[in-house]
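Everything on this sheet refers to the single structure shown next.
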Protein chains: 2
Amino acid sequence: MNIKEVARLAKVSTATVSRTINGSDKVTAETAERVRRAIEALKYYPNTNARALGSGRSSLYGLIISDITNPFFPELVKSFEDVAVQFGQEVLVANTNYDPHRMEVCVSRMLQRKADGVAIMTSEMEEHLIDELSSRRIPLVFLDTGTPQEGISNIAIDYASGIDAAVVHLTSLGHTSIGFIRGPMALTSARIRYRAFIDSMKRKGLTIDDRLIEEGNHRMDGGHEAMMRLLDKSVRPTAVLTSNDMTAIGALGAMFERGLKVPDDMSIIGFDDIELNTFAKPGLTTVRVSRKEIAKVAFHALYEARDNPAARGAEFTIQPTLVERKTTGPALPKRASRQPAKRLVAR
Amino acid sequence: MNIKEVARLAKVSTATVSRTINGSDKVTAETAERVRRAIEALKYYPNTNARALGSGRSSLYGLIISDITNPFFPELVKSFEDVAVQFGQEVLVANTNYDPHRMEVCVSRMLQRKADGVAIMTSEMEEHLIDELSSRRIPLVFLDTGTPQEGISNIAIDYASGIDAAVVHLTSLGHTSIGFIRGPMALTSARIRYRAFIDSMKRKGLTIDDRLIEEGNHRMDGGHEAMMRLLDKSVRPTAVLTSNDMTAIGALGAMFERGLKVPDDMSIIGFDDIELNTFAKPGLTTVRVSRKEIAKVAFHALYEARDNPAARGAEFTIQPTLVERKTTGPALPKRASRQPAKRLVAR
DNA sequence: GATACGAGTGAAATCGGTTACAATCTCACC
DNA sequence: GGTGAGATTGTAACCGATTTCACTCGTATC
């Protein structure tokens, strides 16, 4: 069942079959119909490998992510795939597992499969690998890289405005003592968020108390431990921002374990808005970074750039939005009745 | 930068370059070294499409899942990819989005890319699509299909033993009034789990009270609503099993909203053991179905069957294991103070 | 020293499509 | 009836690898 057999059955040349498949207009309706019937009868599926080889177009778009089990990514992957399918393109997802060596494997896969474009949504990236890709004129789009580069598109996330919205939300609720659980400073994204927090606090004329700043690992356990450390201190903020949602959820768990209530005893705001939050108890107030939007923008950037070199190196910005749920509330005056035991019963 | 240029630079034929790349033993160490240097110098990456076309081997293994945002799948995908990478193979993941039409797209992708094997981990599957694949002699492995088929491998999950373990755990804690929140009966997996529950209850000589059985949708909201309905009834079980973890987590949320405590007021057991549970508050007792194990078994089944037709149609069984966390406890005598109103205030 | 053998290498066919170019056919128009 | 343009279709080169088969060259064997 290759194109020749289809051609024989339909009594046409392979060129005509190919044209029919690819929707070329240079085929009579009747001929096309005959070809289509032959395809149907033989249950013929064109060989993608041969197609890509012959045409020089793979119709394949690479998506490199860190780790699909990181809740930030599934929705991104799904949205990216959805858009791609709409355009009749395919997606090749590769996980780096945060490992530079695996990253090389991923890039090499993209190169070997002749991807028509590659979206890189991880923070760990090495210069020489980027060169490898861009020197082959493969359209690239990065998520949120700090340093823009010639000919490489970038999707920036306006952290400043996102964090600002969170801080404003808190101050409007009367909070002035605001803490922050940052991510590991080795991560670009964590550093940027932390810096945005510092800047925002300064802009609002709020004092930054180093004691109210802890570091997690962008996972639940790290958030949990960071909040524990925070709660063990002599000073306690009335609100805490976190570097991502997983951290916030971990922190929420720590509050729960200590018998403290959110938002009464402390307001907590996450970052990212992973699906999970909708159902967290209580629902997590967070700064949403729409994965659907990122995926859409990324795919379009690549798709555009495929035939149009001028479209390369475009800059996009995603505006985060504050999503108010249940973990933020008015700053309450400290109450005497802050005994864990009592609240545990009340639950 | 194709094989010819490498051959020219290394002053050998393309055949020798190909042999070197593929680790054929018929190449002198010196020649191989010269070729390798040429490859390095030209930053040559062999074209996968041409390779697949020439050799008839795609080195590609398909993994068809329902929806990557369903928390059951990310770990499965990751593990599958990890094993594949170990064997130098590639993975093509396709989402059906629970849509039969998309399923066709997925199967067609596998066919067009000439996948060396396909693991189908969704419940929705149509006969004619299976035929399409198996008639082309593509090794297949299904997860947990009810009806075994000639030449198609299957990974069964021993639900009976898993559910049994859960029921035994509960009875040993003194529970006799056990409810069940099942999944949508249209789903094979949900039906099987439900039947396993009924069977297990009967085997233990426990009575099945229809009023204690509700139906969710395998998502959080469904579990939440189902539990709400359950709590509104005049009879209330002391323990509830659920068809999957998301349902259990939703149910947990409902308990929380009603001001009820888990496990004091009710024990809850999930099914699957998705990553999330470790950090649920309280940690969810559940029946673990190891995704890592499934992925490993699935890949090996396909990899084996690639060159060895005799290996097709093998049957595997995964044993679920009970993971005791914090949502199960002794059956407590009913207390008088069970008024929702009071608890609502306390929240 | 002739013969056979095996290891290493190269020439060329092949995989299954796409596509540039050539060929043919149709039909309007003079 | 001849001509030319435009629409269809076919022929064949090509994409970049793999792989069969043939060839060359030591080297062991007699």
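Atoms considered below: every heavy atom in the structure, side chains included; atoms not considered: hydrogens, waters and symmetry mates. In what follows, every chain begins at residue 1, and chains take the letters A, B, ... in the order their sequences are listed.
- Comparing A:K26 and B:P46 against DNA chain D, the residue whose closest nucleotide sits nearer the 5' end is A:K26.
- Residue contacts for B:S18: at a heavy-atom cut-off of 4.0 Å it reaches a base atom on one of the strands shown.
- In this model, the phosphate group of D:dA17 is not approached by any side-chain N or O of B:Y45 to a distance below 4.0 Å at OP1 or OP2.
- A salt bridge is defined here as a Lys NZ or Arg NE, NH1 or NH2 lying under 4.0 Å from an Asp or Glu carboxylate O, and A:R34 with A:E30 fails to meet this definition.
- Place A:V27 and A:T14 on DNA chain D by their nearest nucleotides, and A:V27 ends up nearer the 5' end.
- The NZ-C1' distance, from A:K4 to C:dG17, rounds to 10 Å in whole Å.
- Taking atom CD on A:E30 and atom C1' on C:dT26, their separation rounds to 13 Å, with Å as the unit.
- The nearest whole Å value for the distance from the CZ atom in B:R57 to the P atom in D:dG16 is 24 Å.
- Ring-plane geometry between B:H300 and B:F87 is classed as perpendicular, the angle between the planes exceeding 60 degrees on a 0 to 90 degree scale with a lower cut at 30.
- Using a 4.0 Å heavy-atom cutoff across all strands shown, A:V17 reaches no nucleic acid atom at all.
- Contact check on B:K78 versus B:E75 returns no salt bridge, with no Lys/Arg side-chain nitrogen under 4.0 Å from an Asp/Glu carboxylate oxygen.
- The pair A:E81-B:R102 counts as a salt bridge, with a side-chain nitrogen and a carboxylate oxygen less than 4.0 angstrom apart.
- Atom NZ in B:K11 sits about 12 Å away from atom P in C:dG10, given to the nearest Å.
- Within the 4.0 angstrom heavy-atom criterion, only backbone atoms of the sugar-phosphate kind lie near A:N22; the bases stay farther away.
- Looking at which nucleotide of DNA chain C each of A:M1 and B:T28 is closest to, the 5′-most match is held by B:T28.
- OP1 and OP2 of D:dG16 both lie 4.0 Å or more from every side-chain N or O belonging to B:N47.
- Distance CG (A:N49) to P (D:dC15): 18 Å, rounded to an integer number of Å.
- Distances shorter than 4.0 Å separate some side-chain N or O of B:S13 from OP1 or OP2 on C:dG10.
- In this pair, B:Y303 and B:Y61 present their aromatic rings tilted. The plane angle is within the 30 to 60° band.
- Nucleotide C:dG16 holds its P atom 15 Å from the CZ atom of A:R51, rounded to whole Å.
- When the C1' atom of C:dT19 is taken as reference, atom CD1 of A:I3 falls 12 Å away, rounded to whole Å.
- Within 4.0 Å of B:T31, counting heavy atoms only, lie sugar-phosphate atoms of the nucleic acid but no base atom.
- For D:dT9, neither phosphate oxygen OP1 nor OP2 lies less than 4.0 angstrom from any side-chain nitrogen or oxygen of A:T16.
- Rounded to a whole Å, the CZ atom of B:R19 is 11 Å from the P atom of C:dA11.
- Closest-nucleotide positions on DNA chain C for B:G54 and B:A15 were compared, and the one nearer the 5' end corresponds to B:A15.
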